[in-house]
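Take a look at the structure below.
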Number of protein chains: 2
Amino acid sequence: MAETDNSIEIPQDFDSLKATILERKAQLPKRLRQVAAYALDHPDEIAFGTAASIATAADVQPSTLVRFAQHFGFEGFSSLQLIFRARLRERTPGYDERLRALSGNDHSKLESGSIFNGFVAAAHRSLDNIASSVEPEAFERAVNILAGAETIYLVAKRRSYPISGYMAYAFGKLRVRYQMVGTAAGIDDDILAMAGPKDAAFAVSFSPYASESVNQAKLLASRKVPVVSLTDSAFSPLAESSRVWFELVEADHAGFRSLSASMAFAMALTVAVAEKRRRNAREYE
Amino acid sequence: MAETDNSIEIPQDFDSLKATILERKAQLPKRLRQVAAYALDHPDEIAFGTAASIATAADVQPSTLVRFAQHFGFEGFSSLQLIFRARLRERTPGYDERLRALSGNDHSKLESGSIFNGFVAAAHRSLDNIASSVEPEAFERAVNILAGAETIYLVAKRRSYPISGYMAYAFGKLRVRYQMVGTAAGIDDDILAMAGPKDAAFAVSFSPYASESVNQAKLLASRKVPVVSLTDSAFSPLAESSRVWFELVEADHAGFRSLSASMAFAMALTVAVAEKRRRNAREYE
DNA sequence: GACTGGACGGAATAAATATTCTATTCTCAA
DNA sequence: TTGAGAATAGAATATTTATTCCGTCCAGTC
């Protein structure tokens, strides 16, 4: 038998698999080389297809695919396929390297270190994700709505509260009139009663959604106050009350979701609004 | 029978499918809505998983997935799945590319976009920096100090306030006793008067340092309360009052410093402390 | 309060799947 | 040319898969 090569590590990610294939390509038997060529040329097909369909496309037998996989140390074709699928999931260039850099650093030696690394990695992932999930056009609309408002109402509870807390700080510095909602219990309704169509609101809520925030957003929407919202699902109850809404899925570690992407988003929105106002004001001078 | 809706077109790509789902979301029965939410929140899982695995993850029956697909005009679950797979093949162009496409048209649009990108980039830079600037041993010591405290006092003002705000939320979830300092003016001194050597404090302050925070940290230190602090300079006045302190320089954009690294740090510290406590508690059982 | 129609859960089923096995073919050296 | 060993094709097999079907449940209506 000349099958699984135990002496060499089984590739765990697409890049190293690709390298291994290229390296051994010359010594591969005819049909296996045929498979190798097809696999590297049509990685998407390998990821999605069945053994039968791929075999037909590559003009080999299904069993050849299994032998190919086993030749590189995998248990069968299916486990090889996982590598090709993983490649499509996290097609974030640069992320792998960063993660590898993290796992090699001093923190990994201590027990609390892995927690530390985990949160840094989660924050990175969140930020990688944000660029593709926020549409520039929607962002622009949100900026326009908030820049045109007399007073910006900030609605957030619990986990989202730090986000609006930062925005409040920044708006204060930038001389943009704002009003936080939900700090002291009881007077929220009175505050919201003052909001009108000339104002605007920014609401943040992640699942599990604080019912208070949702209701307040609804109330504002019913009073013709344009609402911009930040949430983590297209199914968020916030979405239906909002003129513009952003779906932002934060990566998590140990069950605690990162706030990095939300924070970056909030900072960008805040500064963009202030910038827009400054320019509008100059035009009227 | 009320099945396939021939009058309406079957979505052929992911975007129109998503739009259709969102549109009909309100009228969907309970389980189908559950599937809808899961599908839009975890599109990758739908693309790769089997009906059984997805059903388990979404907490429904496999047959529900089939009904869901048929509800939207597909023949079965498999044909719906093809849409989700196609999405991964032809990745949607990221924000960067879309932004570049926009840049030719309108200058004002470009402006908001560059602000957005700027903050995301700054956040990335901050996170890249954090691993090298925080010493694992110091982190370990900080965890030990806070894990051993009866009550953890959180001291932060202004820009740092969102950080302690998040920690308060997380400590609450994790059943760690804490006390925020500086929320309502006037009673701070009374709160601090209760702190003793068995407690500990975590103070955050970046330049320009809020004198209040600095004084409170000094007061705590003089009362033999161990202080852990997070700041942005070795010359920070906080440092001299602290048992352990961390220097964390955040990258900035347009003069506004990122909070991503501080946030990641705070989350890691919070969870590490809770974890440590949990372990200590188990040892004494 | 009974009736009706849709929604649901769960078992049954038929198709499709990856893998294994074996006979045959090919390769290369003596 | 012949013999030995690997490589291959293709059928057989044991899972796993999506789907169908039917009894039950639930909400709304008269």
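Order of the sequence lines sets the chain letters (A, B, ...), proteins ahead of strands, with each chain counted from 1.
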Between A:Y153 and A:F202, does the ring centroid distance fall short of 6.0 Å?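 Ring-ring flag for A:Y153/A:F202: false, centres at least 6.0 Å apart.
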Take atom [atom1] of [X] and atom [atom2] of [N], then tell me their distance rounded to the nearest Å.
X: A:E75; N: D:dT15; atom1: CD; atom2: P; result: 14 Å
X: A:Q81; N: C:dA18; atom1: CD; atom2: P; result: 7 Å
X: B:D59; N: C:dC8; atom1: CG; atom2: P; result: 13 Å
X: B:F68; N: C:dG6; atom1: CZ; atom2: P; result: 20 Å
X: A:L65; N: D:dT8; atom1: CG; atom2: C1'; result: 13 Å
X: A:Q61; N: C:dT17; atom1: CD; atom2: P; result: 15 Å
X: A:F77; N: C:dT20; atom1: CZ; atom2: P; result: 14 Å
X: A:I46; N: C:dA18; atom1: CD1; atom2: P; result: 11 Å

Check every atom of [options] against the side chain of [X] and return the nucleotide holding the closest atom.
X: A:T50; options: C:dA18, C:dT20, D:dT19; answer: C:dA18
X: A:K30; options: C:dA18, D:dT19, D:dT8; answer: D:dT8
X: A:L32; options: D:dA18, C:dA7, D:dT8; answer: D:dT8
X: B:R67; options: D:dT20, C:dC8, D:dT19; answer: C:dC8

Check your understanding: Would B:E23 and B:K18 pass as an ion pair if we require N to O under 4.0 Å?
Key ->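 No salt bridge links B:E23 with B:K18.
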| query | Is any NZ, NE, NH1 or NH2 atom of the basic residue among A:R257 and A:D232 found under 4.0 Å from an Asp or Glu carboxylate oxygen of the other? | reply |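 Here A:R257 pairs with A:D232 in a salt bridge, since their nearest N and O are under 4.0 Å apart.
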- Item | A:S78 vs C:dT17: side-chain N/O to OP1/OP2 distance below 4.0 Å |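 No, A:S78 has no side-chain N/O under 4.0 Å of OP1/OP2 on C:dT17.
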| query | Looking at B:Q70, does any N or O in its side chain come under 4.0 Å of the phosphate oxygens OP1/OP2 on D:dT20? | reply |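 For B:Q70, the contact criterion (side-chain N or O under 4.0 Å from OP1 or OP2 of D:dT20) is met.
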Might you point out which heavy atoms bring B:Q70 and B:E75 nearest each other, and give the distance in Å?
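Taking B:Q70 first and B:E75 second, the nearest heavy atoms are NE2-O, 3.3 Å.
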Close N/O contacts between protein and nucleotides 21-26 of chain C (under 3.5 Å):
none

Exercise. Roughly how far apart are B:T270 OG1 and B:L174 CG, rounded to 0.5 Å?
Worked result: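 Here the interatomic distance stands at 8.0 Å.
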Classify the ring geometry of B:F48 against A:F48: parallel below 30°, tilted from 30° to 60°, perpendicular beyond 60°.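 Aromatic pair B:F48/A:F48 classed parallel.
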Can you classify the ring geometry of B:F116 versus A:F265 as parallel (below 30°), tilted (30 to 60°) or perpendicular (above 60°)?
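Plane angle over 60°, so perpendicular.
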